[in-house]
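Here is the structure we will look at, set down as structure tokens.
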There are 2 protein chains.
Amino acid sequence: MKRPTLEAVAARAGVSRATVSRVVNGGTTVTPELRDAVMRAVDEMGYVPNLAARSLVTQRTDSIALVVSEPPTRVFSDDPMFATVIRAASSELEEADRQVILMLAGTPAGHARVERYLTGGHVDGVMLVSMHGADPLPAAITRMRVPAVSLGRPAVNVNLPYVDNDNVGGAEAAVRHLLERGRRRIATIAGPPDMVGGQDRLAGYRAVLQGSDRRSIVAIGDFTRESGLVAMRQLLEDDPGLDAVFVANDLMALGAMKALRQAGRRVPDDVAVVGFDDIEAARYTEPPLTTIRQPFREQAAATVRLLLGIMDGGDVAPVVLPTELIVRESA
Amino acid sequence: MKRPTLEAVAARAGVSRATVSRVVNGGTTVTPELRDAVMRAVDEMGYVPNLAARSLVTQRTDSIALVVSEPPTRVFSDDPMFATVIRAASSELEEADRQVILMLAGTPAGHARVERYLTGGHVDGVMLVSMHGADPLPAAITRMRVPAVSLGRPAVNVNLPYVDNDNVGGAEAAVRHLLERGRRRIATIAGPPDMVGGQDRLAGYRAVLQGSDRRSIVAIGDFTRESGLVAMRQLLEDDPGLDAVFVANDLMALGAMKALRQAGRRVPDDVAVVGFDDIEAARYTEPPLTTIRQPFREQAAATVRLLLGIMDGGDVAPVVLPTELIVRESA
DNA sequence: CTGAAAGCGCTTACAG
DNA sequence: CTGAAAGCGCTTACAG
């Protein structure tokens, strides 16, 4: 009662294994009669090719891993980034007829397991999402010559093609907007120190303030709504006179606005708020959130194209997508 | 510049392939000297076993697929069920040293691709989550003798071991509670007709009402918050005199409470509300939601154990976990 | 158009 | 304890 093999199908159809292989793989050079006989045998026996055997000889698997370096709680959180990215990447990948394998690598043990899986040749390529600073995955993967790209610029010392949006430029635009509105004490809630995106946005904030002789006022969050709330409270305590805040992502901005409301500050009258991402919820806050739009979908699609291109021997140059200031009512 | 093979490592270490294989797989019957030589060669060459080749001979992959039959938008929605289940199942599976492969099968095309992947022998077993009525996956999988289990009772005609909670009993407890509180016109917002869990809860609701001569008042939702809101409006329009509603999941209950608030009905004074699931948000509604607790984590863990057991030749009897009425203030 | 044969990279009885 | 050899289930030049 084991699953039938090519051999068994060939025997039943009265042909060679090569012929069965040809019709199973859509080969065109088979006479209709043999073709029919094979098809019948395949149906009758319920034959399905063993993919391990096939990939052993073809040296390809037609699968791509989508590795998200976060624990499930964060991936399945209220941050719509993951859903958007995974959906866009999946549909792009499926269009290219590749199976998408989703792997969550949130813990050290999980990380090691994923590394073993990827370097073991189970996939033709890998797309890394949400990498953190000390991530050992890129090095291991590239050492094994598995084509890989990152959505988001990786930490400095790894040599990995990537797609990102212009985090620095976006942050600069946000802070400049605040300055143009006449704000004088502009604070920021930055992202986690081990994520490049967060750091780039902080750098953009600092660059503009330095150029205008303003003092930096910085609190750190971890991109969750709750951390935005906590950070905002911290900021208000440190500097009650602040009149604006640039928050490194919209989700934290939602938390920050809640903290401001609780502290009795009006937005934007007392404190102007600018976020980053332009998630859907940004349109429904009270008041609607001014933010930097980040093209998640295009980023994901571009990352997939970059990966597919590299697997095809193509260009490895990074791609950086522009961001856009979306002015609503919070600043 | 290709990746090194066992053969190459053997040549370098001056031993046979068999010996390399033994040390790589932790075989104990190798003299320390050879062992060291092999280890050194492995390190120097950066050898990593080709898993396709290994699984071809061992007939196992040590991977388990977690197939969620939903589109990304729903999996990554505000419904914490998916995160909870995926996390619990993953950690249980990793404890058993299995690689977890997450696959989203939300579209027909995706479904076909996943089926090909699973029947192609890429995994040792599969755990199905959130199956819908007409799902062809179970049949295809079992035909190929791939061990599989479902989290949630599958639609009637497939023969698939499963773990579920007592949906009927839970719904009955909810409605009985409403009756005991003296409610007379008890409506329900049911889940989608193609999902067994939703139907079982509806059956429980109907069973209790029939036993007490009450009329059923039914609206249908799809387990999302928004659908709960819409369904509640519908219900109020159909029967303005209703004084209680049993909602088939908490997320829809949140939507329903919003609709009630908008319609000027007080909870529980005018309309009592009971949900199902006991998600975290249920504790923070205004008023806190009375609901049926469903042990997501234990369910996921039990499903994994059932699968692992079956793969080990063990029992295939379904497991049904009890639910519990959690009385808060909404009813 | 079709088949015999080699080979993908491993593991595992079987001798020794 | 170690190695030669068979074999896992496929694909693909190569002849014919």
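Quick caveat, the model's predicted, so the values are computed rather than measured.
Taken together, the paired segments of DNA chain D that extend over three or more consecutive Watson-Crick or G-U pairs, each closer than 3.5 Å at both contacts, are C:1-3 with D:14-16, C:5-12 with D:5-12, C:14-16 with D:1-3.
The side chain of B:L34 has D:dT2 as its nearest neighbour among D:dT2, C:dG3, C:dC1.
The main-chain N or O of A:A96 is found under 3.5 Å from a side-chain atom of A:R98 such that the two form a donor-acceptor pair.
In this structure, a donor-acceptor pair under 3.5 Å is present between the side chains of B:N25 and B:R54.
For A:S63, the side chain to side chain contact (heavy atoms under 4.5 Å, CB included) criterion is met by A:T61, A:Q99, A:I101, A:V123, B:Y117, not counting sequence neighbours.
From B:D194, atom CG reaches atom CE of B:M131 across 11.5 Å, with rounding to the nearest 0.5 Å.
Within a 6.0 Å sphere centred on CD of A:E7, other residues, nucleotides and ligands contribute 12 heavy atoms or fewer.
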Exercise. Applying side-chain hydrogen bond (donor to acceptor under 3.5 Å, both in side chains), run through A:D135 and A:S69 and close with a yes or a no.
Key: CA-CA 9 Å; A:D135 203 322; A:S69 295; 3.2 Å; yes
Self-check item: Protein proximity profile, nucleotides 7-14 of chain D - base contact B, sugar-phosphate-only contact S, no contact -, cut-off 4.0 Å on heavy atoms
Solution: BBBBBBB-
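No side-chain heavy atom of A:L102 sits less than 4.5 Å from a side-chain heavy atom of B:M103. Put simply, the side chain of A:M311 reaches to within 4.5 Å of the side chain of A:D124, judged on heavy atoms.
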